[in-house]
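So the structure is just underneath, and the comments pick up after that.
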Amino acid sequence: MREKDTISKIIEYVGGNSNIKKVWHCMTRLRFDLYDQSLIKREQIKQLDGVIGEQLQSDQYQIIIGTHVQKFYTAIIDELGIDEDKSEAQEGDKKKGVFGRLLDVVSGVFGPIVPAIAGAGMIKGILAGLIALNILSKESETVTILDLVASGVFYFLPFFLAASAAKIFKTNQYLAIAIAGGLMYPTLLDAAKLGEISQFQFIGLPIPVINYSGTVIPVILSVWALSHIHKWVDRFMPNVLRTVFTPTLALFIAIPFSLIVTGPLGGYVGKALAYVIELLFDISPIVAGVVMGGARPIEIVFGVHHAITPIALQNFADKGYDMLMPMMFMTNMAIAGATFAMFFKAKNKMEKSIIISATISALLGITEPALFGVLIKNKKAFIACTIGSAIAATFFAAAGVRIYGYILSSIVSLVAYVGPYFPYAIAGIIIAIGSAFLIAYFTIKKADTNDVNEPVSDTQKL
């Protein structure tokens, strides 16, 4: 089995079983938290079958596998003999920087739940297209059920986030879900929807009335608080009483604390992040397009692109729509365009086959094979996709293109734009693919290209 052979070598080349503190994955990457990064044999890892690329980013070691990363993850879990995460960090380990810890949290929380979000988002997009084309009536019971299928994940998103965050913060998963239950309880949500009261009183302390459905940061902060509260309670609880009274006191303290402190604080943080993006649009849609579209390929390369996800989800929760994800869609199309241009510069059939596969993958929303397998091995090609992304994103921003539900940024997502923004979506795709393709095609000579089978060196990376 190819995965097992590769995984055995990966474990060896990252320093062995004893050097792996934690391993998890997102949609395309194995992500490692290692005790000693100096033990990594990076050049050997680049040569392994099935490995597209690798990088160290903010104390996190990432191995880019592609869309079949789940098979590799299952193989490494079996090889290491663990269920989920490795054992907790030992005392005296090097402390990570703030950005590194945030990256771990964001990628660790969102990575496991992306399939549910992407699947539900795709259904939501298709449903919107069918309604816009008058194939289905908005008032029909069929639409009611399909909307239930599509919207349930986003409405109850705090539960998904709580379960995922509990693993990151190493606390009891079911107590974390109970925290989400407190934030999502109908008493609070119904009061928020009616808008008749602004707060409840709990032993003299105010509890703001907030609708937490579909929100992101409040529940993540609340689970983080739970992890500390649970440890503190457990430390002082006699062994004979821990089974019953540790969770009792943890919930008694953590849920009110979430409702009074971390929930509202998380709401303010989410709104502040969304406000920064909105301010960028207010200054100039052109500036917003250039900044967001131009930065996106670099964000993907360094594995920090998940940082945009909470902002987009916050926009859906607050406004009912988002303008960031359409620009991310344009980035993926630009990556596909620049990658396809390399097809005409390839030296042999093997290169052409790899490039076509990477192009199709990018069109379907998975860009790592194109970025790491093709584009960053040729700086001109990478620059071409960045320029194409910025141009198309600027066009989208200037036209005010928005989307009304989370959906994977792929060519299949086009159905979600059926309606007033559909002509802009078609034009945007043409601009993204066309501009990136033309810039790459006319600036790159065959002699400039690197063999796509060759591993990219650190000096070649941007």
Side-chain angles (χ1 to χ4, degrees), residues 98 101-102 105-106 109 151 154-166 168-237 244-279 309-322:
V98 173
R101 291 197 297 270
L102 286 175
V105 170
V106 174
V109 169
S151 300
F154 299 100
Y155 186 85
F156 293 106
L157 186 60
F159 290 99
F160 292 84
L161 294 169
S164 192
I168 301 302
F169 299 126
K170 298 180 175 64
T171 193
N172 185 279
Q173 196 170 35
Y174 299 99
L175 290 180
I177 293 171
I179 296 293
L183 296 176
M184 291 291 293
Y185 198 70
T187 300
L188 190 65
L189 298 189
D190 291 346
K193 290 175 183 177
L194 291 173
E196 295 176 351
I197 59 174
S198 61
Q199 63 182 30
F200 292 109
Q201 292 293 323
F202 175 70
I203 58 174
L205 298 172
I207 294 179
V209 172
I210 299 172
N211 185 348
Y212 290 107
S213 59
T215 58
V216 174
I217 299 177
V219 71
I220 294 176
L221 282 180
S222 296
V223 174
W224 170 79
L226 168 68
S227 67
H228 291 282
I229 291 170
H230 186 271
K231 288 177 183 177
W232 179 79
V233 171
D234 198 55
R235 184 183 306 149
F236 295 101
M237 188 66 62
V244 174
F245 288 100
T246 292
T248 301
L249 281 178
L251 285 180
F252 185 78
I253 298 170
I255 292 182
F257 186 79
S258 299
L259 295 172
I260 296 169
V261 181
T262 53
L265 177 61
Y268 295 138
V269 171
K271 291 179 188 297
L273 292 173
Y275 175 76
V276 171
I277 300 299
E278 186 176 349
L279 185 63
T309 303
I311 302 175
L313 292 172
Q314 186 70 43
N315 285 336
F316 290 128
D318 292 343
K319 305 175 183 178
Y321 66 86
D322 174 63

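Predicted model only: the values in this text are computed from it and were never measured.
- Side-chain contact between Y212 and P264 is present, with at least one heavy-atom pair separated by less than 4.5 Å.
- Remark: side-chain polar atoms of S164 are not paired, donor with acceptor, to backbone N or O of F160 under 3.5 angstrom.
- Here the straight-line distance linking atom OH of Y268 with atom CG of L221 works out to 13.5 Å at 0.5 Å rounding.
- Contact between A254 and I229 at its shortest, heavy atoms only, is CA-CD1, 3.7 Å.
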Query - Audit row: Y155, L189, side chain to side chain contact (heavy atoms under 4.5 Å, CB included) steps and yes/no - result: CA-CA 11 Å; Y155 186 85; L189 298 189; 3.4 Å; yes
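- S258 pairs with exactly one of T262, I260, I255 by the side-chain contact (heavy atoms from CB on, under 4.5 Å) rule, that one being T262.
- Here the CE atom belonging to M184 is positioned 7.0 Å from the CG atom belonging to N211, to the nearest 0.5 angstrom.
- Here the shortest heavy-atom pairing between Q199 and P206 reads OE1-CB, 3.5 Å.
- N315 and D322 get closest at one heavy-atom pair: ND2-OD1, 2.7 Å.
- The two atoms that bring L175 and L226 nearest to each other are C-CD2, 3.7 Å, heavy atoms only.
- Contact check for F200 versus V209: side-chain heavy atoms found under the 4.5 Å cut-off.
- Closest of all the heavy-atom pairs between A166 and A176 is CB-CB, 3.7 Å.
- From L161, atom CG reaches atom CD1 of I217 across 10.5 Å, with rounding to the nearest 0.5 Å.
- Between F202 and L259, the closest side-chain pair of non-hydrogen atoms is not below 4.5 Å.
- Looking at P158 and L183, their side chains never come closer than 4.5 Å, going by heavy atoms from C-beta outward.
- Taking OG1 from T246 and CG from L251, the interatomic distance works out to 11.0 Å, rounded to the nearest 0.5 Å.
- Note on ring orientation: taking the six-membered ring where Trp is involved, the planes of F159 and F156 are tilted (angle from 30° to 60°).
- Between atom OG of residue S198 and atom CD1 of residue I207 there is a gap of 12.5 Å, rounded to the nearest 0.5 Å.
- P310 and V216 get closest at one heavy-atom pair: CB-CG1, 3.9 Å.
- Residues T215 and V219 form no side-chain contact, since every pair of their non-hydrogen atoms from C-beta on lies 4.5 Å or further apart.
- Distance check: H230 NE2 to K170 NZ gives 15.0 Å after rounding to the nearest 0.5 Å.
- Inter-residue side-chain proximity for F169 and H228 is flagged as unmet; no heavy-atom pair is nearer than 4.5 Å.
- Between the side chain of S227 and the backbone N or O of W224, at least one donor-acceptor pair lies under 3.5 Å.
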